[in-house]
Amino acid sequence: MSAETHYDVIIAGAGIVGASVAWHLAASGARVAVIDAIGPAAAASGASDGAVSVASKKPGPLARLASASLLYTRELASQGVLAGAFHARPSFVFGQGEAELAALDALVAKLRAISGPVHVTGDGPAAQLACLGPGVERLITLNGEGHMPGHKAVRAYLSAPGITPIWPAPIHGFDIDDRGVTVHLADRRLRTGHLVSALGTATTELFPTLPIMPRAGQLFVTDRGAPGLLPGSLTAAAYLVAKTEAPDVLPLPPVVIDPLTTGQFLIGSSRENHADPNRVDFSTLRRLMERSVRALPLLAERRVIRAFAGIRAAVSDSLPIIGNLPGETRVTLATGFEGDGICLSALVGREIARMVHGLPPTDSIAADLATLSPARFVDARQEAWG
Amino acid sequence: MSDPVLVVGAGLAGLSAAAELARAGLPVLVVDQAQAVGGAFHRQPLQGALSLATAAQDRRWSDLMAKVAAQGSRITLALATQFGGVDHKGTALLTGRMNRLFRPRAIVLALGARESVRPRPGWTLPGVETAGSLQIRLKTLGEAPQGRVLLAGSGPLLLAVGAQLTKLGSPPVAILEAGRPFARPLTPIGLPRDYWIEAAAYLSRLMLARVPILTNTRLTAIRAEGGTLVAEASSGRRFIVDHVALHDGIRPNDFGMPACDVLPVVRLGDCREALGARAAMVDGQMGGAALAARLLGRTAPSADPELARQTRAQARLARIYAHDVTAELNNLPEDTVICRCEARTLKDLRTLGPTPTARQLRLDGRFAMGACQGRFCGDWIARLTSAETSKPGIGAPRWPARPIAVADLLSATDETEGETQ
Ligand SMILES: Cc1cc2nc3c(=O)[nH]c(=O)nc-3n(C[C@H](O)[C@H](O)[C@H](O)COP(=O)(O)OP(=O)(O)OC[C@H]3O[C@@H](n4cnc5c(N)ncnc54)[C@H](O)[C@@H]3O)c2cc1C
């Protein structure tokens, strides 16, 4: 390598995916730099809920990869790096009305088919949890999932030795030659042997032909109260449906109520096609709150102190993009995680690190991972984005 | 019936603007969180309470109220009503006595200034409050709090509150002024005559009551001790008191309001620029007339030179009271609380490094994550870190303008239903 090469690997983007990739590479002895336009967890990873959830994943590769990532996340939490970030807890999915009750049947069937780390430990009336109200007709209790605030994971990953943080420093472009990659910042250039792009919605700034679009989700935070009233997240079954169908066919709004360790509640979220983090509206808040209060009446005594929108990176086929740029072994993409990036980040970091080292993917997930390769878009340049 | 213009704040600026808007033929809804009109300056006493206002102040206020009354039903007033914010669709939320979601034709924000209080050890103790809120209490209740009061910080408001306490028979133990307003006798000469008259009235009352006014003196720390407060001054003196009222100047109120593309939102009075009572009335009038002209497609009235005069006067006042705040901040002990809502200290702030991003401040540090969302601590956090990196995210322009009770949100009459989004 030439004397100019500064880093073995440069990771573009200090979101949870970039941070996980950086940690895995640094742990394997590579000299890595993480560059971010703003700073750590500046985009989706710092503006999301942190469900590490299999229940909410589409059946198929995504649900299987999420199971594998959940297991691996637990391992990283017990071994150290994610100890303060991930915390295991039960999760609850509830339904009301025909469409949602059917979605709950499908959920039970899906989890049985995966026979993975998540188990149904309760299925019945709302009475399983004392705090629930009349908006819950049937409640499914799950064991095995957990919660991980994105910013905590990012901080944990990036505090490892061997990672050079570079921010605020927007990347304007890059050139590939046969010895490495030159990354262009506003005031300088950096050389690296390998570039990993984990830019979320901003991926299209460097790779304009990829069919990635922003999908905003409004989130609302209440004031503090006694913690522990709700032992885990409470998700409306409509949320599972929303992930596969157009949201406006839903009879009731998809809502997730997440109890935070501070005793606050995080309530979300909508799915809107724009990228403005300040676009929050009263009618969405009211719609989500009406349903939330019927499910969890104690919320009526809280106050909303904060409202914001997180911006997810959605791909035209609703699957993430993970793998080498077609025809380029020096550039790897990891983006398009939409509402699943917190959950998948541990596994993705491990697998990208293997790719960078030229190793094959972990056997058990190799086939599922292959379906996420950017190669599926080589001919997509002319395809209309619907 | 056409949608009303929403005026938030029933003080000098808000009601002056309301009168002008209504005079142009527009329906106006004025809301205020307080139980009585008057804003900060002309807060009206509760029924039966003693009024602290001078005859001239009373005259100004009753003139304005007469103008408002002359507009009859074109102006609706809703007190004990909070403005929760306006969203990008132009929907505004009101909670409290008037509880509705609706789309006003335009919004005038006349929320008054934000009072600024510099963090110092003990500033969050019970018994410590801001001089501004103490003054509002004096004006509404017409009586002084029980026990000894110490006033500290900087700015002319300290003299006003001191004089008012004295008038109510309870002069403050002392006034600690960090600046040296009397040290440059030539600077005040350029102030308008009415400033002199007001200051002279306050000072003579304070001197008659022998209230010590200690300039170039900072209140460095407050401790709670055996049911009282012990306040330490930079001069080494100690004061044992029951109440401490702090005030470190006022700032315009630019917090929490997003730009709204679908309707005009204007800020008037101290809320736009903290220039004091005289300017607020002029600004309200001018701004109200200009907004009416804009909404009705007429030509805007020309600017009133009084506003420029008040801007110059306030700049001069700022010079008179100037002192080194940076040095005060740099000398704070590590355990000083900076973010009151989440009890985050200077030490917590330092662990985030010299130039934390807004996200790091909020998510890793939990600064400005509580009920005030940075309204009170944002400026200090910006000054204590790197202003460029922390400013945009702390106190971002988003509603809620204040915490919204979920029950109020759900019980609001929704007048936007069925309208296109
Ligand atoms: C409302 C909401 C709720 C969610 N809830 C969950 C959940 O419960 N569970 C779950 O698993 N997932 C959830 N997600 C999804 C999850 O947050 C994302 O999938 C994940 O954070 C994506 O991480 P990332 O690292 O790919 O991208 P990001 O976190 O978006 O990171 C991209 C980074 O790139 C940087 N960048 C951009 N442009 C440039 C440039 N030119 N140069 C340098 N740097 C640049 C940005 O500043 C940013 O830091 C949610 C998302 C939202 C919005």
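Here is the naming used below: chain letters follow the sequence lines, and residue numbers restart at 1 for every chain. Just so it is clear, the values below take in all heavy atoms, side chains as well, and ignore hydrogens, waters and symmetry mates.
- Within a 6.0 Å radius of CG in B:Asp261, no more than 12 heavy atoms belonging to other residues, nucleotides or ligands are found.
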Going through the checks in order, is the side-chain contact (heavy atoms from CB on, under 4.5 Å) test met by A:Arg306 and B:Arg362? CA-CA 12 Å; A:Arg306 187 162 154 70; B:Arg362 277 187 176 283; 3.3 Å; yes
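- Interface residue B:Asp414: backbone and side-chain heavy atoms are both found under 4.5 Å from chain A.
- The distance from atom CG of A:Asp36 to atom OG1 of B:Thr357, rounded to the nearest 0.5 Å, is 9.0 Å.
- At least one donor-acceptor pair closer than 3.5 Å links the side chain of A:Arg286 to the backbone N or O of B:Ala412.
- No other option in A:Ala47, A:Gly150, A:Pro149, A:Gly39 has as many heavy-atom pairs under 4.5 Å with chain B as A:Ala47.
- Contacts of B:Leu101 with chain A are made by side-chain atoms alone, with heavy-atom separations under 4.5 Å and no backbone atom involved.
- Taking 4.5 Å as the heavy-atom cut-off, the residues of residues 151-166 of chain A that approach chain B are A:His151, A:Arg155, ordered by number.
- When atom types are taken as modelled, the side chain of B:Asp87 and the backbone of A:Phe282 share a donor-acceptor pair closer than 3.5 angstrom.
- Contacts between A:Phe308 and chain B at a heavy-atom distance below 4.5 Å involve backbone atoms as well as side-chain atoms.
- Only the side chain of A:Val293 comes within contact range of chain B, judged by heavy atoms closer than 4.5 Å.
- Between B:Ile404 atom CD1 and A:Ile305 atom CD1 the span is 11.5 Å, to the nearest 0.5 Å.
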Could you check B:Val406 against A:Arg303 for side-chain contact (heavy atoms from CB on, under 4.5 Å), going step by step and ending with a plain yes or no? CA-CA 5 Å; B:Val406 172; A:Arg303 299 181 304 164; 6.0 Å; no
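- With a 4.5 angstrom heavy-atom cutoff, A:Thr222 does not touch chain B via any of its atoms.
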For a side-chain contact (heavy atoms from CB on, under 4.5 Å) check, start with the C-alpha distance between B:Met369 and A:Thr262, then their side-chain angles and the critical distance, and finish with the verdict. CA-CA 11 Å; B:Met369 288 290 265; A:Thr262 52; over 6 Å; no
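- The minimum heavy-atom distance between B:Leu363 and A:Gly46, with the atom names listed, is CD1-O, 3.4 Å.
- How far CG of A:Leu285 is from CG of B:Leu409: 4.5 Å, rounded to the nearest 0.5 Å.
- Side chains of B:Gln360 and A:Pro40 form a contact here, defined as non-hydrogen atoms less than 4.5 Å apart.
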Can A:Arg279 and B:Lys89 be said to form a side-chain contact (heavy atoms from CB on, under 4.5 Å), step by step? CA-CA 9 Å; A:Arg279 226 205 257 181; B:Lys89 296 174 176 172; over 6 Å; no
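- If you measure heavy-atom distances from A:Gln264 to chain B, the contacts under 4.5 Å come from the side chain alone.
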